[in-house]
Structures are given as C-alpha cells and as structure tokens.
Amino acid sequence: MEDALQKAEQLVRSWDERLAGELPKGVEIFDAHVHLGHDIDGMTGVYEDLERIQARYGITRAFMFCLDEPDRHPAFRAGNDRTLAFAERSGGRLIPFVRLDLAEQPLEEARRCLALGARGIKLHPRAQRFLLNDDRLAPIFELAAAERVPILIHGGRGLPPIADDLARLVLEYPKTQLIVAHAGIADLEALARRLAGKPGVFWDTSVWSPVDLLDFYRQVPPEQVLWASDYPYGQQPASLLIGVRTARIAGFDEAQLREMLWGNANRIASGEPPLEPSEPIGGDSFVQPMQLARIHQYLSMATPLLWTRQADTIGVLGLALNTCQERDGIPEEVDQIRELLETAQSLWRSLPEEEEPDRVAAVRATFRLIHLADILAVTTHP
C-alpha cells in the first residue's frame, strides 16, 4: 500500500500543473468555506495542514469555523475560542465565524464571539437538528443585520426542502448577508427561484459532483457565486478544478471567474456592497460522450461505498476501468482517467488489511483519485 500511496501523491501533484493552466493568470483566491478542529464523524482540520495547502495553491483568505466538535457543549464555546485563536494566528488570512447551536444560548455566544473579533455566523441545521422555520432563527438574523456580518448556512445533503423558510427570513431581514453552502443542493431549484437575483445572497461551490455545479450555474447569477473547498472534506486540486472547469463550461468569462474565486467573497469580508446580480449563464442540457457518461456513472456508484468505508464488492471501479478501454476520439483524457483509477483500485483493494489511521489515509487518497477522475470525465468534451 505504501507504493500505491506514493503513486497517488505523485498523480495529485501532476494535476497541480494542469490546475495552473486552468486558473486565470495571477488570480487571487478566497476560500469561502473551511473548517478547523475535530468533528464527531472523525474528520480533522489541522491548522498547519490548511496553511500548507493554502500556500501551495495561492489561497490568501478564507472564511473559517469549527467542526461539529466533541466538546461542542455548551454552545460551541470551546470550538469558537479555538476558531478565534486560529484567526489571530493567521494574521488576518482566516476570517473567523462563530458557530451556533440554537438549543444553547445562541445569541449570547454570538455576541460574545463578535465582540472578540468574529466576523460571521455559521449555522448547520442538519448537525444541530433544527428546521428553517424555527422561531429561534429570527433574532440571529436580526443580530447579523445589526452587526453587518454574514450568515453561512449548510444547504447540502441531509435536509428537507429549505427554500421557502430561508426566503422568508431573507425577506424579513433584507440587510442580512446570507451564504448558502454546498450550492444549496438540498433544495437547489427552489432556492434559486426564490433568492437568485437578490443582492446580498450568495451560494458557495463546495460540492463533490460536477453535474450539481453545472445545474447550479444555470440558475444563479455569477455575481452570487463564491468558490469554496469545505476543507478538510474538500481537497485540492479537485476543489479548484471542479469549480473552474464547470464554470468555464457554463460560460463564465475571465472576469466572472476572478469574481467567483476572489472578488465576491472579498467584498463580503471587506464590508463592501456586492455587485448587482446579472442573469445566470449556462445551458439547460448537458451533452457528454457516451464513454465518459458510463465512467461517470460507475464513479458515482463508487463514491458512497468509499464514504461508508466499504469494499468494492460490486466491482464498479473495474467497470469504469474496462470502459476506459474504448477508443472514441478522446484517448488522452481517458488515459489520464485510467491512470488515476488504476492507482485508486490498488489502494481500495488494500483497505481491508489496514488499521486506523493508515486506513483513513488510504480511503482519503482513494477518494481524491476517483474524484479527480470523475471531474475529468464530466468536464471533458471532444
């Protein structure tokens, strides 16, 4: 497995060069969604690791908050204190958000942390088990509007429809800046229908599926889009590649890419007015070579198996590799996919033999390779 891990690292580094060619020249990068700390699901965001990643990929600012910490009671106070300390240590690169639990003195904790330098609020309805029609949200939105700080709210997996209740809060507190995380995939069409075009409302791009982003860009104006990684869940260079390659397919020009990667988030952080939303761009249909569609299908099947740390008993990675043998006019990209998947398969096969933490490292490396392969499969066109 050690050889496969080394090969995986070499492959990831080789994709750094490809990423450099995808980014606008000299662009500054702002990550609108990163975590530091320890989550009860076992994920860990380490300050030194994040610092290394940001230096390597030219990420100079980020919105940062704690995870769903083991010591989150009471009121995320310990995690929020660590967030503030990380922000101070970063010298201003990391912009701290206070994480709240509606059941544990949220207003008191928000006021405490804002007084100590927090510059945003993080809410997670799935992790903290509340709905968006909860009356306890109103005073938090009121506080955010009064203090002129944004609210970032989880909008990804594990939620019921949220658009109507979130839109009601935006209408009631129009001065509150809102960031819907994970492209709002929990309720994408309804969120876009209710909130696209409203100045001060934004979405971040931290999702794993490039198809989600292609659907997202066609419904939300580029001025409302913030690039984000969701570190430590999102990894580089995949997080940047998925955002930039799908945006280019949608039709973003260089200026719009720069705003997505830097300007839109930097205005929020600097307290500047947002750009006036234009119209969404992107097509209502997606055309893909059949070979790449099959590869994407099999890799989509592989992802939940990896997340739940299961063996590939179905053989989906083998099916994807077999599909790579077809030749239909895009052999260079398919060979790149095949190389990624061959190493991923070697790692995956070793997983049952490994114990923690080696097993965790191997799972993470396997997913990074499969994710890169899937991004390439979806965003490659003859």
Side-chain angles (χ1 to χ4, degrees), residues 4-35 43 45-46 48-62 93 182-183 204-214 217 225-250 252 254 257-258 260-262 265 292 295-296 299 302-303 306 332-344 347 361-380:
L5 281 170
Q6 290 178 352
K7 175 65 172 176
E9 181 60 29
Q10 291 170 3
L11 281 173
V12 169
R13 286 187 176 275
S14 73
W15 277 82
D16 288 353
E17 297 179 10
R18 180 152 190 162
L19 171 62
E22 300 275 359
L23 293 170
K25 290 184 179 179
V27 68
E28 291 188 89
I29 301 175
F30 194 125
D31 192 337
H33 188 141
V34 305
H35 303 266
M43 191 63 74
V46 179
E48 292 80 6
D49 182 53
L50 178 62
E51 188 176 49
R52 174 184 57 79
I53 291 169
Q54 291 182 330
R56 179 169 166 178
Y57 293 97
I59 302 166
T60 55
R61 301 189 85 183
R93 288 186 305 104
H182 313 304
D204 80 39
T205 65
S206 58
V207 300
W208 71 90
S209 169
V211 177
D212 278 340
L213 284 183
L214 290 172
Y217 291 135
V225 179
L226 315 175
W227 175 77
S229 71
D230 194 20
Y231 170 87
Y233 298 95
Q235 295 289 313
Q236 301 299 356
S239 290
L240 278 164
L241 279 168
I242 191 175
V244 172
R245 287 177 69 94
T246 52
R248 289 190 184 278
I249 290 173
F252 279 48
E254 292 296 296
L257 277 175
R258 290 178 185 274
M260 179 186 81
L261 291 167
W262 173 262
L292 295 180
I295 292 171
H296 168 64
L299 299 185
T303 297
L306 270 172
E332 181 180 352
E333 287 82 0
V334 170
D335 284 343
Q336 291 171 341
I337 292 171
R338 176 188 51 75
E339 186 178 30
L340 290 163
L341 296 183
E342 285 175 345
T343 304
L347 280 170
V363 168
R364 295 282 283 164
T366 305
F367 176 72
R368 290 180 79 181
L369 298 175
I370 289 175
H371 195 206
L372 283 168
D374 189 46
I375 294 167
L376 188 57
V378 172
T379 60
T380 294

Rounded to the nearest 0.5 Å, what's the gap from [atom1] on [X] to [atom2] on [Y]? Could you check?
X: Lys7; Y: Leu340; atom1: NZ; atom2: CG; answer: 9.0 Å
X: Met260; Y: Ile29; atom1: CE; atom2: CD1; answer: 9.5 Å
X: Leu292; Y: Glu333; atom1: CG; atom2: CD; answer: 8.5 Å
X: Leu369; Y: Glu9; atom1: CG; atom2: CD; answer: 10.0 Å
X: Ile295; Y: Ile337; atom1: CD1; atom2: CD1; answer: 4.5 Å
X: Trp208; Y: Ile370; atom1: CH2; atom2: CD1; answer: 14.5 Å

Do [X] and [Y] have side chains that approach each other closer than 4.5 Å (heavy atoms only, starting at C-beta)?
X: Val12; Y: Gln235; answer: no
X: Leu372; Y: Pro237; answer: yes
X: Leu241; Y: Thr379; answer: no
X: Glu22; Y: Arg248; answer: yes
X: Thr343; Y: Gln10; answer: no
X: Met43; Y: His35; answer: no
X: Tyr217; Y: Ile249; answer: no
X: Leu240; Y: Tyr57; answer: yes

Main chain of [Y], side chain of [X]: is a donor-acceptor contact present, judged purely on distance under 3.5 Å?
X: Arg245; Y: Val378; answer: no
X: Thr246; Y: Gly243; answer: yes
X: Asp31; Y: Ala228; answer: no
X: Ser206; Y: Ser229; answer: no

Flag for Gln54-Arg93: side-chain donor and acceptor within less than 3.5 Å:
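Side chains of Arg93 and Gln54: pair found under 3.5 Å.
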Would you mind checking if Glu48 and Arg52 are paired as a salt bridge, meaning a charged N to carboxylate O distance below 4.0 Å?
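The answer is no: the pair does not qualify as a salt bridge.
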Minimum heavy-atom separation for [X] and [Y], please, with both atom names.
X: Leu226; Y: Ala265; answer: CD2-N, 3.5 Å
X: Ile375; Y: Ala238; answer: CD1-O, 3.6 Å
X: Leu5; Y: Ala362; answer: CD2-CA, 4.2 Å
X: Pro24; Y: Leu257; answer: CG-CB, 4.0 Å
X: Asp204; Y: His182; answer: OD1-N, 2.9 Å
X: Ser209; Y: Ile242; answer: C-CD1, 3.8 Å

Can you tell me which residue pairs pass the ring-ring contact (aromatic ring centres under 6.0 Å, His included) test with a partner in residues 10-32, sequence neighbours excluded?
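Listed once each, the pairs are Phe30-Phe63, Phe30-Trp262.
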Sequence neighbours excluded, which residues qualify as ring pair (Phe, Tyr, Trp, His ring centres under 6.0 Å) partners of His371?
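Partners of His371 under the ring pair (Phe, Tyr, Trp, His ring centres under 6.0 Å) test: Phe367.
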Check against side chain to side chain contact (heavy atoms under 4.5 Å, CB included), Ile59 and Gln236:
CA-CA 11 Å; Ile59 302 166; Gln236 301 299 356; 3.9 Å; yes
